[in-house]
*Asks:* 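Can you read through this structure? Questions will come right after.
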Amino acid sequence: MSTLKAVRGTRDLLPPETALWNRVEATARAVFARYGFGEIRTPVFEDTQLFVRGVGEETDVVSKEMYTWEDRARAASEKAQSLTLRPENTAGVVRSYIEHKMGDTGMLQKLFYIGPQFRRERPQRGRYRQFWQIGAEVLGPQSSGAESALRDAEVLEMLATLLDELAIPRASEANDGKGWRLALNSVGSSTDRPRYIAALKAALEPVKATMCVDCQRRAETNPLRVLDCKVPEDQPIIDGLPKIAEYLDEASTAHFAEVKAALDACGVPYVIEPRLVRGLDYYTRTTFEFTVALGLGTQNALLGGGRYDGLSEMLGGPKAPGIGFAIGEDRLILTLQALAEAGSVTIAESKLDAYIAPMGAGQNAAALALAKDLRASGLSVEVGDGSFRLKKSFELADKLARRILILGEDEVATGVMTVKTFATGDQVKVERAELGEFLKN
RNA sequence: GCGGCUAUAGUUCAGUGGCAGAACGCCGCUCUGUGGCAGCGGAUGUCGUGGGUUCGAAACCCACUAGCCGCCCCA
């Protein structure tokens, strides 16, 4: 019988790496809390229609990357329902917002989530079929100010703060651009965008034959993607294409200007990227992407997001403008690991406070009882086995803990423990009553 | 989904048709209450899976699976 393995594109996260995941999540939670966000947990699978209507039927995510299946009908009267593992979480959050009538509170909703998402793509470093996103959404009725450029800037400033606190450097000349970089654009309102796409298509018509084969295809299927082309020969042509900025209406132009002004006021660096187009249909106005050229290869988008003023209505809900983002947690971890490898951040390996080495199996019970007391006082403690030779206990202890606590017949009888600190090599006798205090230093 | 590279010990890898290897790690001993350093010894294993070629395959061929790189797209 062949052994079973994690299915393609999925993986096990094991200690000690999970400690890093926990640290990242704890940092994110702490930052989100300071900005007034509360946690939301939505189901991992939803009605397929949520993504078809929300994300967009023609997007790659929906048209070819979803895990979709027919739920079984258990009774003749019941209809089989098409269900899908969530490929992203914004649609689910907005569905929940509508379902629980959060807009009726009149309050601005600030929600964050941390959880797995699923897309059936070809796996690669930084791209998995089950991957994790840390995301947040700000949305509400118009009277709550959800549409304000202030919210865009606040979200972006929060992200800059989070990355700073995770010790991911900002890109600069000093670090050869090996830090994070915020690319910003506005794709206009839901009426601006179709007008722009039509103009783009028209402008491409006479010149596309001279472009690369990929662009010839994109000109037909998805003209916006032509802007992303990296082929050097195509750049002059692309530079001559209409710019989205020329197609923004007055309100969108003003909104974008306000976002930029607020970012300037907060000291958040950004680069306007007129070519930044995002693949999900719900984006309007502000779109952004944080990239980092470190540890990710071509999957260098660390997080992405944007405004989605029409999404709630697309899902049959009330008008509820909003803005949100999703961080690729897997990619964030890869970035931190690459930084650690380069020595610019340290991923602290956590050592236990003490390792108790009973001398002989006869001391095992006393060792466990001592461990219980020390653990109750908040210390992290491992208990060795009395049948191990002392040399082996020392070797194990040195790997696992900062100190070794030797528990032989003498120590049990006198109540005076022998404690050795590995870093200094100091060995002292400590009264059992003072042991907890001693080990805390 | 397309193209390419790769798969050998716990890990990183060497091994171009003739006994399955190195380093690190692991276990034991030198050393029966003292780790890190050193010396000596030991075990590493479905050579990714299945088939084929061959007297003989880890190696050559085919298929499959998985990872990685690029494309598409995205987090």
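In what follows, chains are A, B, ... by sequence order, proteins preceding strands, each numbered from 1.
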*Asks:* Using atom CZ of Phe388(A) as one end and atom C1' of rC27(B) as the other, report the distance to the nearest whole Å.
*Replies:*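 For the pair Phe388(A) CZ and rC27(B) C1', the rounded distance is 12 Å.
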*Asks:* Is any side-chain heavy atom of Ile238(A) closer than 4.5 Å to a side-chain heavy atom of Arg275(A)?
*Replies:*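 The answer is yes; the side chains approach within 4.5 Å.
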*Asks:* Do any side-chain nitrogens or oxygens of Arg122(A) fall under 4.0 Å of OP1 or OP2 in rG4(B)?
*Replies:*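 For Arg122(A), the contact criterion (side-chain N or O under 4.0 Å from OP1 or OP2 of rG4(B)) is not met.
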*Asks:* Using only heavy-atom distances, decide whether a donor-acceptor pair under 3.5 angstrom links the side-chain of Arg127(A) to the base of rA75(B).
*Replies:*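 Flag unset: no donor-acceptor pair detected.
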*Asks:* Do Pro358(A) and Ile406(A) have side chains that get closer than 4.5 Å, going by heavy atoms?
*Replies:*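 Pro358(A) vs Ile406(A): side chains apart.
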*Asks:* Roughly how many Å apart are rU16(B) and rU54(B), using the C1' atom of each and rounding to a whole number?
*Replies:*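 Nearest-Å result for rU54(B) against rU16(B) at atom C1': 16 Å.
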*Asks:* Let me know the distance between CG of Leu224(A) and P of rC72(B), rounded to the nearest Å.
*Replies:*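 After rounding, the gap between these two atoms is 15 Å.
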*Asks:* Looking for any heavy atom pair under 4.0 Å, which part of the strands does Glu411(A) touch: base, sugar-phosphate only, or nothing?
*Replies:*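 The residue Glu411(A) makes base contact.
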*Asks:* Taking the same atom, P, in rC55(B) and in rA43(B), what whole-Å distance lies between them?
*Replies:*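 Their P atoms lie roughly 35 Å apart.
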*Asks:* Regarding Gln427(A), tell me which of base, sugar-phosphate or nothing describes its non-hydrogen contacts under 4.0 Å with the strands shown.
*Replies:*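 Since a base atom lies under 4.0 Å of Gln427(A), the category is base.
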*Asks:* In terms of side-chain heavy atoms of Lys391(A), which of rG67(B), rA75(B), rU30(B) is nearest?
*Replies:*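 Closest nucleotide to the Lys391(A) side chain: rU30(B).
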*Asks:* Establish, with yes or no, whether the OP1 or OP2 oxygen of rC72(B) is under 4.0 angstrom from a side-chain nitrogen or oxygen of Arg225(A).
*Replies:*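 Looking at the OP1 and OP2 atoms of rC72(B), neither is under 4.0 Å from any side-chain N or O of Arg225(A).
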*Asks:* Asp410(A) near the nucleic acid: base, sugar-phosphate alone, or nothing, with a heavy-atom cut-off under 4.0 Å?
*Replies:*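 Contact class for Asp410(A): base.
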*Asks:* For Leu302(A), report the nucleic acid contact type (base, sugar-phosphate, nothing); a contact means any heavy atom under 4.0 Å.
*Replies:*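 If one applies the 4.0 Å heavy-atom cut-off, Leu302(A) turns out to touch the sugar-phosphate alone, with no base involved.
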*Asks:* In whole Å, what separates the C1' atom of rG45(B) from that of rC2(B)?
*Replies:*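 So the two C1' atoms sit 36 Å from each other.
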*Asks:* Under 5.5 Å between ring centres and under 30° between planes: true for Phe131(A) and the base of rA75(B)?
*Replies:*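 So Phe131(A) counts as stacking on the base.
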*Asks:* Considering every strand and a 4.0 Å limit on heavy-atom distances, what is the contact class for Leu390(A): base, sugar-phosphate, or nothing?
*Replies:*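 If one applies the 4.0 Å heavy-atom cut-off, Leu390(A) turns out to touch a base.
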*Asks:* Measure CZ/Arg86(A) against P/rA75(B) and give the value in whole Å, please.
*Replies:*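 So the CZ-P distance, Arg86(A) to rA75(B), works out to 15 Å.
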*Asks:* Using a 4.0 Å heavy-atom cut-off, does Ser393(A) contact any base of the nucleic acid, only the sugar-phosphate backbone, or nothing at all?
*Replies:*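 Ser393(A): no heavy atom of the nucleic acid under 4.0 Å.
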*Asks:* Would you mind telling me which residue lines up with the more 5' stretch of RNA chain B, Gly304(A) or Ala423(A), judged by nearest nucleotide?
*Replies:*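 Residue closer to the 5' terminus by nearest nucleotide: Ala423(A).
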*Asks:* Have Arg403(A) and Thr421(A) got a donor and an acceptor in their side chains that come within less than 3.5 Å?
*Replies:*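 A pair is found: one side chain offers a donor N or O, the other an acceptor, under 3.5 Å apart.
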*Asks:* Would you mind classifying the nucleic acid contact of Asp60(A) as base, sugar-phosphate or nothing, using non-hydrogen atoms under 4.0 angstrom?
*Replies:*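 Sugar-phosphate: the residue Asp60(A), judged by heavy atoms under 4.0 Å, touches backbone atoms but no base.
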*Asks:* Of the nucleotides rU65(B), rG35(B), rG67(B), which one has an atom closest to the side chain of Phe394(A)?
*Replies:*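 Between rU65(B), rG35(B), rG67(B), the one nearest the side chain of Phe394(A) would be rG35(B).
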*Asks:* Grab the CG-C1' distance between Leu332(A) and rC74(B) for me, whole Å please.
*Replies:*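 About 16 Å, once rounded to whole Å.
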*Asks:* Can you tell me how far P of rC73(B) sits from CD of Gln117(A), to the nearest Å?
*Replies:*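 One finds 21 Å between P of rC73(B) and CD of Gln117(A), rounded.
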*Asks:* Between atom CZ in Arg11(A) and atom P in rA66(B), what is the gap in whole Å?
*Replies:*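 For the pair Arg11(A) CZ and rA66(B) P, the rounded distance is 16 Å.
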*Asks:* Would you compute the distance between atom CH2 of Trp21(A) and atom CD1 of Ile134(A) and round it to the nearest 0.5 angstrom?
*Replies:*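 Going from CH2 on Trp21(A) over to CD1 on Ile134(A), the span is 8.0 Å.
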*Asks:* May I have the distance from Asn300(A) (atom CG) to rG70(B) (atom P), rounded to whole angstrom?
*Replies:*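 Result: 10 Å.
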*Asks:* Using a cut-off of less than 4.0 Å, is there contact between a side-chain N or O of Arg389(A) and OP1 or OP2 of rC31(B)?
*Replies:*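 For rC31(B), OP1/OP2 do not have a side-chain N/O of Arg389(A) under 4.0 Å.
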*Asks:* Does rG70(B) have its OP1 or OP2 closer than 4.0 Å to a side-chain nitrogen or oxygen of Gln124(A)?
*Replies:*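 For Gln124(A), the contact criterion (side-chain N or O under 4.0 Å from OP1 or OP2 of rG70(B)) is met.
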*Asks:* By the 4.0 Å heavy-atom rule, please label Phe325(A) as base, sugar-phosphate, or nothing.
*Replies:*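 Since no nucleic acid heavy atom lies under 4.0 Å of Phe325(A), the category is nothing.
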*Asks:* When you compare the side chain of Val412(A) with that of Gln363(A), does any pair of heavy atoms fall below 4.5 Å?
*Replies:*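 Yes, side chains in contact.
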*Asks:* Looking at rC31(B), I'd like to know if its phosphate oxygens (OP1 or OP2) sit under 4.0 Å from a side-chain N or O belonging to Lys392(A).
*Replies:*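 No, because none of the side-chain N or O atoms of Lys392(A) sits under 4.0 Å from OP1 or OP2 of rC31(B).
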*Asks:* So which nucleotide from rG35(B), rC26(B), rC72(B) ends up closest to the side chain of Lys399(A)?
*Replies:*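 The nucleotide sitting nearest to the side chain is rC26(B).
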*Asks:* For nucleotides rC60(B) and rC5(B), find the distance between their P atoms and express it as a whole number of Å.
*Replies:*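 Roughly 13 Å separates the two P atoms.
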*Asks:* Scan Gly126(A) against the nucleic acid and name what it touches under 4.0 Å (heavy atoms): base, sugar-phosphate only, or nothing.
*Replies:*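 Gly126(A): base contact, heavy atoms under 4.0 Å.
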*Asks:* For Gly360(A), report the nucleic acid contact type (base, sugar-phosphate, nothing); a contact means any heavy atom under 4.0 Å.
*Replies:*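 The answer is nothing, as Gly360(A) stays clear of every strand by at least 4.0 Å.
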*Asks:* Taking the six-membered ring of Phe37(A) (Phe, Tyr or Trp), confirm whether the NZ or CZ of Arg29(A) is under 6.0 Å from its centre and within 45° of its axis.
*Replies:*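 No.
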*Asks:* 5'-most contact on RNA chain B: Val7(A) or Ile327(A), nearest heavy atom basis?
*Replies:*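 The residue whose closest nucleotide sits nearer the 5' end is Val7(A).
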*Asks:* Within the 4.0 Å heavy-atom criterion, would you say Glu121(A) contacts the bases, only the backbone, or no part of the nucleic acid?
*Replies:*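 Base, at least one base atom sits under 4.0 Å.
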*Asks:* What nucleotide, of rG67(B), rA75(B), rG35(B), holds the atom closest to the side chain of Phe422(A)?
*Replies:*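 Within the option list, the nearest is rG35(B).
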*Asks:* Out of curiosity, Met66(A) CE to Phe51(A) CZ, how far, rounded to the nearest 0.5 Å?
*Replies:*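 Reported value, rounded in 0.5 Å steps: 7.0 Å.
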*Asks:* Give a yes or no on whether a donor-acceptor pair under 3.5 Å exists between the nucleobase atoms of rG35(B), that is its base, and the side chain of Lys420(A).
*Replies:*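 Result: at least one qualifying N/O pair found.
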*Asks:* Applying a 4.0 Å non-hydrogen cut-off, can you work out what Arg331(A) is touching in the nucleic acid: base, sugar-phosphate, or nothing?
*Replies:*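 Base, at least one base atom sits under 4.0 Å.
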*Asks:* When you compare the side chain of Phe45(A) with that of Thr68(A), does any pair of heavy atoms fall below 4.5 Å?
*Replies:*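 No - every pair of side-chain heavy atoms lies 4.5 Å or more apart.
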*Asks:* Pick base, sugar-phosphate or nothing for Ala397(A), based on heavy-atom distances below 4.0 Å to the nucleic acid.
*Replies:*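 Nothing: the residue Ala397(A), judged by heavy atoms under 4.0 Å, touches no strand.
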